[in-house]
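First comes the structure, then the notes that go with it.
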Number of protein chains: 2
Amino acid sequence: MTIKEVSEKFNLSKDTLRFYEKKGLIGPVKKTKSGIRDYEGQDLKRIEFIKCMRNAELPIDVLKKYIDLYKSGKETKEERKKLLENQQKILKAKIDKMQKAYKLLTDKIDLYNSGKIDEYLDISIKNN
Amino acid sequence: MTIKEVSEKFNLSKDTLRFYEKKGLIGPVKKTKSGIRDYEGQDLKRIEFIKCMRNAELPIDVLKKYIDLYKSGKETKEERKKLLENQQKILKAKIDKMQKAYKLLTDKIDLYNSGKIDEYLDISIKNN
DNA sequence: ATAAACTTTAGAGTTAGGTCTAAGTCAATA
DNA sequence: TATTGACTTAGACCTAACTCTAAAGTTTAT
């Protein structure tokens, strides 16, 4: 699969794919004798994982660390698990914050919709 | 209230508070005759709102835009509402992505816990 | 009254995560 | 065969959101 196809499949720019590879998040991807990347099944799976984690804003170095641990074999199992649990915790905290902001936004929009918005103090929601 | 107190109350650095003010997100904050900031009730409310929105990663320029609209009066009501609704939509999409990643992380951790983790292909979850 | 611990400003520096450019190679088409 | 278009690389550049620095003024404690 060419870089263009992968780029379209995952909606990631070609630059980003090469950038992730340079960072060690994916690959090294197989190349044709003339040096053109040819992505294989395992690459696609990895890209999918990375994309999902990046969507959730897990930092590139954390993902890199996980992959490096993975590459160094069974004895890193515990460490990998801890890394994942830690990221899970961080992610949960983020989701909570976002949901709080979402609720605030929703309440504000409700005020606009009901015409009750205070034109002079609409920055904060009345009372909570 | 001094910048130090506000900084501690909201757990935002003093630099960040001054930065937000320079950007027009808060203030201009009242100053003593010698030029020291003295934050008042309305400032604190604004800071709380900004902090909540920044926790949810709403961009500074978007918040700035909202505040500018707010400052220019009643006739911007519709535009403000649209801006909020748009951000709400974006935020919902982000939360969805994060929840998807959260689930993937949870599933992976479960694999580690049940000892079923594939040592050679643990980058992606089996089957879905 | 003098040191320590604040505060101010303008502006430079940092970090993460891409994105773009230039110069070159290669394969397929007109 | 020439040109078009996609690919390669190294490395420069970009943006957002801080964060830090320097030089100066102010307030508090002893």
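Chain naming here is simple, since letters A, B, ... match the order of the sequence lines and numbering starts at 1 in each. The structure presented is a predicted model; accordingly, all values stated were derived computationally and were not measured.
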Exercise for the section: Measure the distance from NZ on Lys4(A) to C1' on dA6(D) and round it to the nearest whole Å. Expected result: 8 Å

Completion exercise
Per atom distances to the Asp61(B) side chain, the nearest of dA17(D), dG17(C), dC7(D) is dA17(D)

Practice task
Compare side-chain N and O positions of Tyr20(B) against OP1 and OP2 of dC18(D) and report whether any pair is under 4.0 Å apart.
Solution key: yes

Problem - Minimal non-hydrogen separation, Leu69(B) against Thr76(B), with atom names - result: O-OG1, 2.8 Å

Exercise for the section: Answer yes or no: are there more than 12 heavy-atom neighbours, outside Lys51(A) itself, under 6.0 Å from its atom NZ? Expected result: yes

Practice task
Look at all strands and tell whether Lys23(A) reaches a base, only sugar-phosphate, or nothing, counting heavy atoms closer than 4.0 Å.
Solution key: nothing

Handout entry: Euclidean distance, atom CD1 of residue Ile3(B) to atom P of dT27(D) [Å, nearest integer]
Key = 15 Å

Completion exercise
Among dT8(D), dC20(D), dT19(C), the one nearest any side-chain atom of Thr16(A) is dT19(C)

Exercise for the section: Look at the side chain of Lys22(A) and decide which nucleotide, out of dG18(C), dG11(D), dG11(C), has an atom nearest to it. Expected result: dG11(D)

Fill in the blank from the handout: When Ser13(A) and Ile36(A) are each assigned the nearest nucleotide of DNA chain C, the 5'-most assignment goes to Ser13(A)

Problem - Candidate nucleotides dT7(C), dG17(C), dT19(D), ranked by approach to the side chain of Phe19(B) - the nearest - result: dT19(D)

Exercise for the section: Find the distance Lys33(B):NZ to dG25(D):P and express it as a whole number of Å. Expected result: 19 Å

Problem - Among dC7(D), dA17(D), dT9(C), the one nearest Lys31(B) by side-chain distance - result: dT9(C)

Handout entry: Gap between atom CG of Asn11(B) and atom NZ of Lys9(B) - 0.5 Å precision
Key = 12.0 Å

Practice task
From the options dT7(C), dG18(C), dT19(C), select the nucleotide whose nearest atom is closest to the side chain of Arg54(A).
Solution key: dG18(C)

Completion exercise
Winner on side-chain proximity to Ile60(A), out of dC7(D), dA16(D), dG18(C), is dG18(C)

Problem - Spacing of Leu17(B) atom CG relative to dT9(C) atom P, expressed in whole Å - result: 12 Å

Handout entry: Options dT27(D), dT9(C), dC20(D), nucleotide nearest the side-chain atoms of Arg18(B)
Key = dT9(C)

Handout entry: Whole angstrom value for the distance that separates P of dA12(C) from CG of Asp15(B)
Key = 16 Å

Completion exercise
Interatomic distance, CD1@Ile67(B) vs CZ@Arg46(B), rounded to 0.5 Å, equals 4.5 Å

Exercise for the section: Take atom OH of Tyr39(A) and atom C1' of dT8(D), then tell me their distance rounded to the nearest Å. Expected result: 12 Å

Handout entry: Side-chain N,O (Ser34(B)) to OP1/OP2 (dT27(D)) below 4.0 Å
Key = yes

Exercise for the section: Establish, for the pair Lys108(B) and Phe49(A), whether the NZ or CZ atom is under 6.0 angstrom from the six-membered ring centre and no further than 45 degrees off its axis. Expected result: yes

Handout entry: Atom-to-atom span, NZ of Lys14(B) to P of dT9(C) - whole angstrom
Key = 13 Å

Exercise for the section: May I ask you to evaluate whether Arg37(A) reaches the phosphate of dT9(D), defined as a side-chain N or O under 4.0 Å from OP1 or OP2? Expected result: yes

Completion exercise
note: Asp38(B), atom CG; dT26(D), atom P; distance rounded to Å ~ 17 Å

Problem - From Lys82(B), Lys81(B), Lys77(B), Arg80(B), residue fulfilling side-chain hydrogen bond (donor to acceptor under 3.5 Å, both in side chains) relative to Tyr112(A) - result: Arg80(B)

